[in-house]
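Single-structure report; data block below.
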Amino acid sequence: MLRFAPSPTGDMSIASLRIAIINYLVSQQKNDQFLVRIEDINSKKNIEGKDTEVMMLLEKFALKHNAVFHQTEHLNLHQTLALRLLKDGKAFVCKCTEEELETEKKSAKENSLTYQYSGHCENLTTEEYDLLKVSGEKFVIRIKKPTKTITYNDLIQGNQRANPDEIDSFIILDSESKPTHNFACAADDMMGNVNFIIREDKHLINTPKQIHIKNLLGYEDETKYAHISSLKNNDESSSLTWLFKEGYIPDAILNYLLLLGNDKATKEIFTLPEAIEWFELESLGKSPASFDITKLQFINREHLKMMDDRELSTLFGFADADIGKLAKVYLKECSTINELEAKIRPIFKPKDFSGEFGESMQILSELIFQAPAFETFDKLKEHLSTKSGLKDDTLINPLRQLLTGTGSGPELSEIYPYIKSYILEVAS
RNA sequence: GGCCCCUUCGUCUAAUGGUUAGGAUCCAUGGUUUUCAUCCAUGUUAUAGGAGUUCGAAUCUCCUAGGGGUCACCA
């Protein structure tokens, strides 16, 4: 079982999307299940609607999941498991106040030491615990730190180890009886039998803690870990929202994200099904890659070239393969949907006859309205030339302005076949 | 500050002790094109720095520098 565990606390980042893609891809390679878990246990940070937004994005990238749930649905389960650890003496009640802990942390920092829990409440008796419950005084539950060093092998980062002091006796149930991230995460991975965890490398530090939790809960199945190195510049300019707004398409973004840090790609331009064939999780690089928009532009253009003509035309409000073909001519100078739109729209807009070529444009427009339909641009050109007396530059320049609304662009003979059925609309 | 990770053209990367350090992208130049672009051709640009091991180091070791992560009742 593989899983993607986003938290609904903001817009999905490309780094997060990359993790989702890789999880899905590996699940396909292993013919395994892919689970989506919305990590919404921190109600303060949750943003309304971000969970459905994530699901819509997954769909947009064609990452199909077998199941989805919100982590808060498991509150009872988390509490039960925490109490079980308490009962088994593997966890303890801690009544240290946040202020007390804050002071300890501060002094640790001042002395340049790593903060560690003092162990103050470790030996609280059950009687004291009962009293605490009755008194209404706030308390948390901490898991007891391990007695041995925890080691594991990460498929990408190599052998990892964490000693007991690094893991520490950390909080698993907070003062409102809600599970902390590491506990909820480990518990859900265990209950869902997630045995292959692929996530961002920022979780590297959490892994030994989660292994410790699962150990104490008696989970014995082997879990494989792969922590993907993060992206260097994961900022606003590389946000998914921005990319979509700029006219980048999902296939291209997916292609690009899978290419980063990858040395197994047999070619640079590929689709998800193709990547499933050759992708090798273990060979992903450790060094953080930086997001480079110019490379994405290139990839986006290549994917637009591969897109079905008719489908492409729908992006500009048409349903005509010819318009798709027309757009592809413009791909020579464009790499995003927005750029294409900026070229195609003016073709169908009423033209401005007040400019430098206005007079000639008027003449040509009238001639086109009176003329029969011509199969090729050469025939149209010949006809217009004969009737108007214009030729070469004096013909082409106003004609380009009339047909495309702009002074430069592809050869008119190249685009004419795709616009000829709209010629009356175009030439006015 | 402790611990961990990273460093090859601007960018993504190749080269598992022996290459002229390769490819893609970007950029530049030339040719083609009645325009811009495309296309074709050509070209510039890299082993972070320093020691060591070795006949030979991008590759192994050490040091230095730079970058990142982490040390929560955040996820």
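Order of the sequence lines fixes the chain letters, A, B, ..., with proteins taken first and strands second; residue numbering starts at 1 for each chain.
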Produce a footprint string for nucleotides 66-72 of chain B: one letter per nucleotide, 5' end first; B if the base is under 4.0 Å from any protein heavy atom, S if only the sugar-phosphate is, - if neither. ----SSS
Taking N and O atoms by type only, does the side chain of A:Thr180 place a donor or acceptor under 3.5 Å from a partner on the base of B:rC73? no
Base, sugar-phosphate, or nothing: which does A:Ser175 touch, judged by heavy atoms less than 4.0 Å apart? base
Please give me every residue in residues 334-343 of chain A whose heavy atoms get under 4.0 Å of an atom in RNA chain B, ordered by residue number. none
Taking only residues two or more places apart in sequence or in another chain, which ones pass ring pair (Phe, Tyr, Trp, His ring centres under 6.0 Å) with A:His181? A:His203
Describe the nucleic acid contact of A:Pro410 in one word from base, sugar-phosphate, nothing, applying a heavy-atom distance below 4.0 Å. base
Partners meeting salt bridge (charged side-chain N to carboxylate O under 4.0 Å, His left out) with A:Lys379 (sequence neighbours left out): none
For B:rG10, the nucleotide meeting Watson-Crick or G-U wobble distances (both under 3.5 Å) is B:rU25
C1' atom, B:rU38 versus B:rU19: distance in rounded Å? 35 Å
For B:rG17, what is the paired nucleotide under Watson-Crick or G-U wobble rules, both distances under 3.5 Å? none
Residue list, salt bridge (charged side-chain N to carboxylate O under 4.0 Å, His left out) with A:Lys295, at least two apart or on another chain: A:Glu268
When all nucleic acid strands are considered with a 4.0 Å heavy-atom cut-off, which category describes A:Glu98: base, sugar-phosphate, or nothing? base
Does A:Arg142 form a side chain to side chain donor-acceptor pair (under 3.5 Å) with A:Thr180? I'd like the steps, not just the answer. CA-CA 10 Å; A:Arg142 288 180 183 269; A:Thr180 56; over 6 Å; no
Pick the C1' atom in B:rU47 and in B:rC4, then give their distance to the nearest Å. 25 Å
Would you indicate what A:Ser408 reaches in the nucleic acid, counting non-hydrogen atoms under 4.0 angstrom: base, sugar-phosphate, or nothing? base
If pairing requires Watson-Crick or G-U wobble contacts with both distances under 3.5 Å, which nucleotide is the partner of B:rC62? B:rG50
With A:Phe374 via ring pair (Phe, Tyr, Trp, His ring centres under 6.0 Å) - residues at least two apart: A:His383
A:Arg345: partners by side chain to side chain donor-acceptor pair (under 3.5 Å), with sequence neighbours left out: A:Glu341
With respect to the side chain of A:Asp292, which nucleotide from B:rU11, B:rA75, B:rU7 is positioned closest? B:rU11
Going by ring pair (Phe, Tyr, Trp, His ring centres under 6.0 Å), name the residues that satisfy it together with A:Tyr256, two or more places apart in sequence or in a different chain. A:Phe291
Pairwise P distance, B:rG68 and B:rC12 [rounded to whole Å]: 15 Å
Going by the rule side chain to side chain contact (heavy atoms under 4.5 Å, CB included), which residues pair with A:Gln160 if we only count those two or more places apart in sequence or in a different chain? A:Tyr152, A:Asp154, A:Gln157, A:Leu204
Just jot down the salt bridge (charged side-chain N to carboxylate O under 4.0 Å, His left out) partners of A:Glu302, sequence neighbours excluded, or say none. A:Lys305
Sorted by chain and number, sequence neighbours left out, ring pair (Phe, Tyr, Trp, His ring centres under 6.0 Å) with A:His303 holds for none
Do the side chain of A:Ser229 and the main chain of A:Lys286 share a donor and acceptor less than 3.5 angstrom apart? yes
Contact class for A:Gly407 (heavy atom, under 4.0 Å): base, sugar-phosphate, or nothing? base
Using the benzene-type ring in the case of Trp, are the ring centres of A:Phe318 and A:Phe348 under 6.0 Å apart? yes
Could you check which nucleotide pairs with B:rG1 in any of the strands shown, counting Watson-Crick or G-U wobble with both distances under 3.5 Å? B:rC71
Listed in order of residue number, which residues of residues 275-283 of chain A have a non-hydrogen atom at under 4.0 Å from RNA chain B? none
